[in-house]
Structures are given as C-alpha cells and as structure tokens.
Amino acid sequence: MGDAIVDRVLRTAVEKAAEPGQLRFTERQLYYEVCRVLMPWHRAPRRAQFTSAPALTYEAYLAALRRHGPGSVDGLLPPVVPKPRQAAGRHTPEPDLFDYGLPRLLVCESDDIAAMLRANGVPMESACPVYGASELPLEEGVLRMLALAERATVYLLHDASARGLTFPARFARSVDIPDGVRVVPLGLRPRQAGALHLVHGRGPAYAAVPAAFPAAGSGLGRGPGAGQGLAFELGRWERDWLRRGRFVEVAAVNPASLIRTVHRLVREVHTPRSQLTELRQVRRAGFLSWPTA
C-alpha cells in the first residue's frame with residue numbers, strides 16, 4: 001500500500017476518531033480507526049461473531065504519523081508516562097474533601113484509556129473518578145468516600161485477553177474494598193469483541209484456557225460477596241479464540257462509542273426493551289451490552 005494512500009486514510013481516520021465534538025484520542029485508538037477505514041468489518045451484522053486481523057501494520061501507521069510531523073494531528077493525546085503516586089486532593093485546599101460519599105469509581109487496566117476518558121470529561125459528566133492501573137492501590141481517603149456512599153460501586157475496564165480477564169482478580173488482591181461496595185467488571189470480553197468485530201492482536205498460543213475467570217475474590221472487602229470467588233464463565237468460542245493467542249484492546253473500540261458505553265454503564269442507564277429482545281441480547285453479548293454502532 002502506497003504512502004499517499006495511507007496518508008489519506010490517516011486523515012480520514014483522524015476525523016472519524018474525533019467525531020462528534022472534537023474528542024481526544026490515544027495513538028492506539030487512532031491506529032484502530034485507520035484499520036476500520038481500510039476494512040470496515042464493524043459494519044457487518046452482529047449475529048456473526050468474529051474479530052478481524054489488522055488492515056495495516058503498526059510500523060506503517062507510525063511512519064504515516066511521522067510524515068505528518070509532531071503535533072500535527074489534532075486531538076491526539078501523548079502517551080501516559082507513569083509517575084510516582086501523589087496524594088489525592090493535592091490540588092484543592094478543601095479540608096473536608098474526603099468527607100463526602102463517592103457512589104461510583106472506574107478503574108481502567110490501561111493508563112492511556114484512563115487518561116483519554118479524563119481528557120474527554122467522563123469524570124465530570126458521569127460523576128465518576130477514573131483511575132489507571134498504575135494508580136493502584138486506591139488511597140485510604142478514596143476508600144472512605146466509597147464507604148460513605150450507599151451502594152457504591154467500583155467498575156473495572158480491561159482488555160479482552162488472557163491477562164485482561166485476570167484484572168478483576170488482580171484488583172482484588174491490591175485493594176481492600178470497604179464493606180458493601182460492589183465491584184463490577186465491565187469487560188471487554190472476547191464475545192463482546194466478537195460481536196463488535198473489533199481488530200485483534202496476536203500473541204503466543206496457549207495450550208489451555210480456564211473455563212472461567214474470577215470476577216471477585218478474597219480481598220474484595222468484607223461486604224456481600226466478599227471472598228466468595230465469584231466468576232464468569234467463558235463459552236467455547238471464547239476459549240478457542242484465546243487459545244489461538246488472540247486479544248483485543250479496549251483501544252480498539254471507537255472513542256465515541258467507548259465514552260457513550262462507559263457513561264451508560266457506570267450510571268446504570270437502561271433502555272426499555274422487550275423480554276424477547278433482552279434474552280437474545282444476553283445470549284449474544286454476555287452480562288453487559290457494548291455499543292452496536
């Protein structure tokens with residue numbers, strides 16, 4: 001594929017990644033948008049469950065970015081460089097910062113995705129602070145705020161990969177969640193990636209993949225469900241898909257769709273639907289519904 005074609009595709013992908021309203025996006029999100037422009041498998045019917053191979057190598061994509069020059073792509077966020085942890089609330093003089101209840105909090109496996117959600121105003125719009133994995137464990141003040149709220153929930157956002165599916169268990173080991181606080185994994189799961197026909201990567205194959213991954217476990221506080229080893233089961237298609245070494249990053253979801261979905265899920269906004277439609281969607285998508293456009 002010639003450089004001129006790739007450059008034209010990149011310009012189109014930048015426009016699509018920023019829609020609507022000049023969204024900010026990460027380098028990897030833009031790469032997956034380039035792949036969607038080249039091969040729009042995301043338009044295929046949701047009934048067919050599959051993911052697709054990248055339409056362009058990452059090296060060719062980076063070369064196109066270099067040809068555009070540094071700082072020439074509007075909306076492109078710089079990669080996150082983990083820094084030493086600093087106390088929450090250091091930018092505000094209010095002494096009672098931690099005296100209020102916090103009803104919801106989102107923790108992302110990817111620090112870049114966490115930064116992207118913050119850059120696009122998700123914490124303000126959804127009244128939900130957003131943390132990246134490098135910012136764990138949560139500070140005592142934040143845990144106290146969760147404890148003060150009624151039915152507070154910590155939501156977890158992770159990749160559809162053999163490692164990503166262990167993120168809820170890794171979170172449980174690193175954070176002592178207060179009594180009564182729910183921990184809800186949002187995905188991404190392989191079946192969700194397959195329904196959206198996202199672009200997959202490929203790593204080493206696995207001889208075997210567990211039939212279930214823990215969604216909670218010891219260390220998830222002392223409230224209801226704590227320490228019970230709650231798990232979600234994988235279907236045969238998901239296990240076979242993971243065994244082949246495939247994975248899908250959350251970054252592969254279109255930025256606008258990701259923001260809409262996160263907002264809807266953390267606010268627990270449910271649209272009315274018939275019982276038959278509900279049963280069909282649950283059977284296809286699993287325990288949560290990701291965007292259809």
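One-based numbering along the sequence shown. Just so it is clear, the values below take in all heavy atoms, side chains as well, and ignore hydrogens, waters and symmetry mates.
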K.L.:
Grouping I, L, V, M, F, W and Y whenever their side-chain heavy atoms are under 4.5 Å apart, do Tyr131 and Val80 come out in a common cluster?
P.N.:
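Not linked; separate clusters.
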K.L.:
Where is the tightest heavy-atom contact between Leu242 and Ala162, given as atom of each residue plus distance?
P.N.:
CD2-N, 3.7 Å
K.L.:
In terms of side-chain geometry, is the basic nitrogen of Arg66 or Glu27 positioned less than 4.0 Å from the acidic oxygen of its partner?
P.N.:
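Salt bridge between Arg66 and Glu27, a charged N being under 4.0 Å from a carboxylate O: no.
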K.L.:
Could you check whether any side-chain heavy atom of Val199 comes within less than 4.5 Å of a side-chain heavy atom of Val248, counting everything from C-beta outward?
P.N.:
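Of all side-chain heavy-atom pairs linking Val248 with Val199, none is under 4.5 Å.
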K.L.:
Aromatic rings His197 and Phe50: how do their planes relate, parallel, tilted or perpendicular, breaks at 30° and 60°?
P.N.:
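Plane angle under 30°, so parallel.
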K.L.:
Would you say the side chain of Leu106 lies within less than 4.5 Å of the side chain of Leu117, judging by non-hydrogen atoms?
P.N.:
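Answer yes - side chains close enough.
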K.L.:
So with a 6.0 Å cut-off around OH of Tyr206, is the heavy-atom count from everything else above 12?
P.N.:
no
K.L.:
Please report the interatomic distance CZ(Arg104) to OG1(Thr153), rounded to the nearest 0.5 Å.
P.N.:
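Taking CZ in Arg104 and OG1 in Thr153, the distance rounds to 8.0 Å.
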K.L.:
Cys108 and Val130: which non-hydrogen atoms are nearest, and at how many Å?
P.N.:
SG-CG1, 4.0 Å
K.L.:
Please determine, by modelled atom types, if Thr26 and Asp112 share a side-chain donor-acceptor pair under 3.5 angstrom.
P.N.:
no
K.L.:
Would you say the side-chain atoms of Arg239 pair up with the backbone N or O of Leu234, donor to acceptor, closer than 3.5 Å?
P.N.:
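It does hold such a pair.
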K.L.:
Taking the side chain as every heavy atom from C-beta outward, state whether Arg67 and Val6 have any pair of such atoms under 4.5 Å apart.
P.N.:
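Result yes, sub-4.5 Å side-chain heavy-atom pair found.
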K.L.:
Within a strict 4.5 Å, meaning less than it, do heavy atoms of the Asp74 and Val14 side chains meet?
P.N.:
no
K.L.:
Indicate the ring-plane relationship of Trp237 and Trp241, choosing parallel, tilted or perpendicular according to the 30° and 60° boundaries.
P.N.:
parallel
K.L.:
Search all heavy atoms of Pro185 against all heavy atoms of His158 and return the closest pair with its distance.
P.N.:
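Smallest heavy-atom distance, with atoms named: CB-NE2, 4.4 Å.
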K.L.:
Would you say the ring centroid of Phe247 lies under 6.0 angstrom from that of His200?
P.N.:
no
K.L.:
Does the side chain of Lys16 reach to within under 4.5 Å of the side chain of Val37, using non-hydrogen atoms?
P.N.:
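When only atoms from C-beta onward are counted, Val37 and Lys16 do touch, with a gap below 4.5 Å.
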K.L.:
Just verifying a value: how many Å separate Thr57 OG1 and Leu62 CG, rounded to the nearest 0.5 Å?
P.N.:
8.5 Å
K.L.:
Considering only heavy atoms from C-beta outward, does the side chain of Val107 approach that of Glu135 to under 4.5 Å?
P.N.:
no
K.L.:
Given Ser126, which of Pro129, Pro123, Cys128 fulfils the side chain to side chain contact (heavy atoms under 4.5 Å, CB included) condition?
P.N.:
Cys128
K.L.:
Are any of the side-chain heavy atoms of Leu30 and Leu10 separated by less than 4.5 Å?
P.N.:
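Leu30 vs Leu10: side chains touch.
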K.L.:
If we count only N and O atoms by modelled type, under 3.5 Å, do the side chains of Asn254 and Glu33 hold a donor and an acceptor together?
P.N.:
yes
K.L.:
Could you point out which residue of Arg189, Gln49, Arg243, Gln192 forms a side-chain hydrogen bond (donor to acceptor under 3.5 Å, both in side chains) with Glu238?
P.N.:
Arg189
K.L.:
Between the side chains of Glu109 and Arg170, is the shortest nitrogen-to-carboxylate-oxygen separation below 4.0 Å, so that they form an ion pair?
P.N.:
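Result for this pair is yes, salt bridge flagged.
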K.L.:
Look at atom CZ of Arg163 and say whether more than 12 heavy atoms of other residues, nucleotides or ligands are closer to it than 6.0 Å.
P.N.:
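Open: at most 12 neighbouring heavy atoms sit under 6.0 Å from CZ of Arg163.
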K.L.:
Is the shortest side-chain heavy-atom distance between Val250 and Leu157 below 4.5 Å?
P.N.:
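Result yes, sub-4.5 Å side-chain heavy-atom pair found.
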K.L.:
Could you walk me through whether Phe213 and Glu233 pass the side-chain contact (heavy atoms from CB on, under 4.5 Å) check?
P.N.:
CA-CA 7 Å; Phe213 282 81; Glu233 296 183 359; over 6 Å; no
K.L.:
Begin from the C-alpha positions of Glu268 and Tyr155 and carry the test side-chain hydrogen bond (donor to acceptor under 3.5 Å, both in side chains) through to its verdict.
P.N.:
CA-CA 11 Å; Glu268 299 188 357; Tyr155 296 95; 2.8 Å; yes
